[in-house]
Amino acid sequence: SIGAHGFAGFSPPQAGLWGRSNIAVYGDMEADITDNLTAGFAVRYEDFESFGDTTNYKLAVRYVFTEDLSARASFSTGFRAPTPGQDNVTKVSTRTVDGELQQSGQIPAGNAIAQALGAEVLKPEGAKNISIGSVWNVTEELTITADWFRITMEDRIGLTGLTDITALAATDAQFDSIACPNAKAADSSLAVCLQEIGVPGAADLAQVQFYTNDFATTTTGFDIVASMDVDLGEIGDGNFAIAWNHTKTEVDDAGSEVSRNKVVDLENYNPHDRATFTYNHFIGDWRLLARVSYYADWVEAGWSDDPSGAGTNYTIDCQNTNDPDVNRDNCYSGASLLDLEASYTFNDNYSITVGASNALNKDAPLDIDNHDNTYSGSGTIYTNTSPWGFDGAFYYVRVRATF
């Protein structure tokens with residue numbers, strides 16, 4: 001392994017061609033049970049070459065109370081099969097660990113050494129979904145929709161934490177069944193054994209990781225959207241729209257292979273709340289838009305050394321009372337962004353639009369660990385976990401013609 005690339009690409013010995021066949025049959029039906037009640041049912045059966053079959057279904061109902069008020073609900077099951085890439089990928093990359101460059105490898109879960117370290121052959125993720133909502137036409141001008149949802153997932157696929165293999169030898173008892181005679185005869189490290197059984201570039205690895213079905217989550221949330229039209233007389237017409245989403249994921253169960261930081265990220269990596277307030281104004285051939293987008297706080301745990309251990313038992317420490325200079329949780333504050341747009345239509349067939357996304361050029365937060373080279377990291381200025389990106393303002397002109 002040579003060069004200074006974090007990931008130098010796939011070498012020819014790592015390349016391969018993998019495939020999988022599957023066959024499925026599905027059907028759905030929908031009917032008006034009464035004048036007010038509509039129900040639908042769908043079912044899907046699928047058989048995979050690699051892991052077997054699965055059957056999933058969905059039941060949905062809608063009930064109309066009045067012309068202005070209706071409710072809806074659904075329940076469904078689902079799955080996500082592991083991809084051939086997740087089943088077979090092998091790669092080597094360079095990471096910074098305690099300020100030192102180390103070679104880390106990702107190996108397939110079906111690899112014999114991965115299984116000796118606790119891996120199992122990947123199986124599908126499973127999900128159950130329930131949602132309940134309503135639509136209320138409060139007046140001719142005002143409409144409100146509200147939906148609540150809950151998604152439970154089991155056997156979720158994710159990368160394990162990095163396992164240090166520098167102190168493991170090919171002759172250790174847990175690797176007795178691994179056929180790497182040359183490495184064992186030389187009493188070599190486990191990394192040499194890995195290379196001997198077909199992991200290219202593994203001889204100088206310090207750490208390995210692999211995909212695993214090792215945790216379950218529950219995601220709950222709601223969406224509320226309100227839209228109101230207004231007549232402003234001679235100065236035109238307007239439309240106000242307010243949308244608020246709250247989504248929170250909780251890790252119900254995490255196996256020993258799922259690191260504490262992975263759990264923190266699953267639960268806190270994305271802001272739990274996002275809201276938008278949009279106003280469109282129409283006057284003659286003009287359309288004017290202003291939108292404010294709000295993002296709540298979030299946490300990125302990539303550098304934490306929280307001693308509370310793996311799994312769901314953790315505390316978030318933004319200051320890191322263990323060592324205030326390094327390895328804290330990275331806690332970022334949310335922000336509001338402004339978008340503006342003006343459009344003019346002429347001859348009914350042509351329009352020109354001038355706009356700005358993130359018009360006030362709101363930067364992403366500075367990367368806590370990297371931006372001032374105070375801590376060991378990648379040297380980036382802005383955190384790449386920002387939900388609005390780090391590109392700043394985007395200004396544009398768009399011309400449209402309809403024939």
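Looking at every heavy atom in both residues, D87 comes nearest to P82 through OD1-CB, 4.1 Å. For the pair N361 and A393, the tightest heavy-atom approach, listed with the atom from each and the gap, is OD1-N, 2.9 Å. Between Y332 and D367, the closest heavy-atom pair is OH-CA, 3.8 Å. I197 and A179 make their closest contact through CG2-O, 3.5 Å (heavy atoms, listed as atom of the first residue, atom of the second, distance). Heavy-atom minimum distance, A114 versus I107: CB-CD1, 3.7 Å. In terms of heavy-atom proximity, V292 sits nearest to S336 at CG1-CB, 4.2 Å.
In this structure, the side chain of D172 engages the main chain of A169 through a donor-acceptor pair within 3.5 Å. At distances below 3.5 Å, not a single donor-acceptor pair connects side-chain atoms of D68 with backbone N or O atoms of W136. The backbone N or O of F215 sits nowhere less than 3.5 Å from a side-chain atom of E154 that would complete a donor-acceptor pair. In this structure a side-chain-to-backbone donor-acceptor pair under 3.5 Å is missing from Q195 to V192. In terms of modelled atom types and a separation under 3.5 Å, the side chain of N261 and the main chain of A301 share a donor-acceptor contact. Judged by distance alone, the side chain of D32 and the main-chain N or O of L37 form no donor-acceptor pair under 3.5 Å. N36 contributes a side-chain N or O that, together with a main-chain N or O of V64, makes up a donor-acceptor pair within less than 3.5 Å. Between the side chain of N280 and the backbone N or O of L289, no donor-acceptor pair lies under 3.5 Å. Looking only at distances, no side-chain donor or acceptor of N137 sits under 3.5 Å from a matching main-chain atom of T139. Formation of a donor-acceptor pair under 3.5 Å by the D265 side chain with backbone atoms of Y269 is not found in this model.
For the pair Y382/P365, no side-chain contact is recorded, criterion being any heavy-atom separation below 4.5 Å from C-beta on. C331 has its side chain within reach of I316: a pair of non-hydrogen atoms, C-beta onward, lies under 4.5 Å apart. Using a 4.5 Å heavy-atom cutoff, the side chains of V225 and I144 are not in contact. In this structure, the side chains of I132 and R72 stay at 4.5 Å or more apart for every pair of heavy atoms. With a 4.5 Å cut-off on side-chain heavy atoms, T55 and V43 count as touching. T219 is not listed as a side-chain neighbour of R150, based on a closest heavy-atom distance of 4.5 Å or more. A heavy-atom distance below 4.5 Å is not found between the side chains of T152 and T217. Contact check for F210 versus L159: no side-chain heavy atoms found under the 4.5 Å cut-off.
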Audit row: V230, L232, side-chain contact (heavy atoms from CB on, under 4.5 Å) steps and yes/no: CA-CA 6 Å; V230 291; L232 300 176; 4.3 Å; yes
Test side-chain contact (heavy atoms from CB on, under 4.5 Å) applied to L117 and V208, step by step: CA-CA 10 Å; L117 293 172; V208 296; 3.9 Å; yes
Take F48 and F79 through the test ring-ring contact (aromatic ring centres under 6.0 Å, His included) and record every step on the way to the result. CA-CA 12 Å; F48 283 81; F79 76 100; 5.7 Å; yes
Given I352 and R398, is the side-chain contact (heavy atoms from CB on, under 4.5 Å) satisfied, shown in steps? CA-CA 6 Å; I352 182 169; R398 181 173 62 243; over 6 Å; no
Start with the C-alpha gap between N88 and T90, add the side-chain angles, then the distance that decides, and say whether side chain to side chain donor-acceptor pair (under 3.5 Å) holds. CA-CA 7 Å; N88 298 283; T90 297; over 6 Å; no
Begin from the C-alpha positions of Y279 and F277 and carry the test ring-ring contact (aromatic ring centres under 6.0 Å, His included) through to its verdict. CA-CA 7 Å; Y279 176 69; F277 176 86; 7.8 Å; no
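S227 and N239 share a donor-acceptor pair across their side chains, judged by distance under 3.5 Å alone. Side-chain polar atoms of N129 and S76 form a donor-acceptor pair below 3.5 angstrom. Between the side chains of S333 and D297, no donor N or O sits under 3.5 Å from an acceptor N or O. Between T276 and S293, the side chains place no donor N or O within less than 3.5 Å of an acceptor N or O (distance only, hydrogens not considered). No donor-acceptor contact under 3.5 angstrom links the side chains of D147 and S131, judged on distance only. Between T345 and S351, the side chains place no donor N or O within less than 3.5 Å of an acceptor N or O (distance only, hydrogens not considered).
With respect to the salt-bridge test (charged N to carboxylate O, under 4.0 angstrom), the residues R291 and E341 do not qualify. Remark: E49 does not engage R20 in a salt bridge, criterion side-chain N to carboxylate O under 4.0 Å. Look at D214 and R156 and you find no salt bridge, because none of the NZ, NE, NH1 or NH2 atoms lies under 4.0 Å from a carboxylate O.
Around CZ of F75, the count of heavy atoms belonging to other residues, nucleotides or ligands within 6.0 Å exceeds 12. Enclosure of atom CD1 in I23 is not indicated, since only 12 or fewer non-hydrogen atoms of other residues, nucleotides or ligands lie within 6.0 angstrom.
A distance of 4.0 Å separates OG of S70 from CZ of R62, quoted to the nearest 0.5 Å.
Using cut-offs of 30° and 60° for the angle between ring planes, the Y344 and W286 rings count as tilted. The aromatic rings of W388 and W298 stand perpendicular to each other, their planes meeting at an angle above 60°, with 30° marking the opposite boundary.
Residues F222 and W148 place their aromatic rings such that the two centres sit no closer than 6.0 Å.
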